[in-house]
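Notes follow the structure.
Hydrogens, waters and symmetry mates are skipped; everything else that's a heavy atom, side chains included, is used. Residues: numbered from 1 along the sequence shown. Quick caveat: nothing in here was measured; it's all calculated off a predicted structure.
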Amino acid sequence: QQLKQGASPLTPPDFHQMLPPPSLPPSLPPPSLPPPPLSPPEDSPAWHQPVGIGIVLLGCLFNAASLMIMKYSADTEKRKTVFFPPRRPWLYLGIALLLISAAGLAPAALALLPLAMVAPFGGVTIVFSALLAATGVCKVREPLSRAQIVFILAITAGVTLVSFFGPKEEKVITTEM
């Protein structure tokens with residue numbers, strides 16, 4: 001065996017030169033997914049809108065109540081353990097209400113209404129939270145200032161205007177030109 005010029009007998013051989021060139025896989029077209037269906041269908045029954053809005057409002061109320069209950073837990077159950085043994089029942093109730101809203105009510109509302117109509121209702125959770133705190137219904141009592149009342153009215157008007165006069169259908173955006 002002859003050594004290449006400048007190579008020492010301790011230098012390992014270049015295995016990349018010994019291997020055959022890799023065969024390239026045939027080029028695959030980019031994966032194409034069917035466009036998502038419009039939600040809800042354009043020919044949805046007339047009852048979808050009022051029922052969907054009712055479900056969204058109920059979800060906002062559950063969210064606000066869960067926030068107030070978790071606030072109450074933070075104020076009263078500070079020194080109690082959370083996990084082992086579990087001794088914070090108000091915290092668990094708040095988390096349960098939040099899960100019911102997020103896992104049950106939100107998907108139901110999105111099945112009945114377009115996202116463009118559901119999304120503005122996030123502001124209603126703020127309104128419900130402020131009203132629940134002002135009334136003390138969930139054991140947390142925080143009075144409202146005049147500025148907060150003005151902003152609650154502004155949020156309510158904005159949500160109403162966007163929901164009723166905003167876009168009513170979803171447009172599918174594709175990457176094809």
Please tabulate, for the side chains in residues 142-150, all donor-acceptor contacts under 3.5 angstrom to protein atoms that are two or more places apart in sequence or on a different chain.
from   : atom 1 : to     : atom 2 : distance (Å)
Ser145 : OG     : Gln148 : N      : 3.3
Gln148 : OE1    : Ser145 : N      : 2.8

Please table the atom pairs, donor to acceptor, closer than 3.5 Å between any side-chain atom in residues 154-162 and protein atoms at least two apart or in another chain.
from   : atom 1 : to     : atom 2 : distance (Å)
Thr156 : OG1    : Ile152 : O      : 2.8
Thr160 : OG1    : Thr156 : O      : 2.8

For residues 104-112, which side-chain donor-acceptor pairs fall under 3.5 Å, sequence neighbours excluded?
none

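The shortest non-hydrogen separation linking Thr135 to Arg141 is O-NH1, 2.8 Å. Heavy atoms only, all atoms of each residue included: Leu67 and Ser129 are closest at CD1-OG, 3.9 Å. Residues Ala65 and Leu97 share a closest heavy-atom pair of CB-CD1, 4.3 Å. Across every non-hydrogen atom of Ser66 and Gly94, the tightest pair is CB-O, 3.1 Å. Taking all atoms of both residues into account, the shortest heavy-atom contact from Trp90 to Ser73 is CB-CB, 3.8 Å.
In this view, Phe62 satisfies the ring pair (Phe, Tyr, Trp, His ring centres under 6.0 Å) rule with no residue, not counting sequence neighbours. Partners of Ser101 according to the side-chain hydrogen bond (donor to acceptor under 3.5 Å, both in side chains) rule, which considers only residues two or more places apart in sequence or in another chain, are Asn63. Qualifying side chain to side chain contact (heavy atoms under 4.5 Å, CB included) partners for Ile95, counting only residues two or more places apart in sequence or in other chains: Met70, Leu91, Leu99.
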Just do the side-chain contact (heavy atoms from CB on, under 4.5 Å) check on Leu113 and His48 with the steps written out, would you? CA-CA 7 Å; Leu113 298 173; His48 276 199; 5.5 Å; no
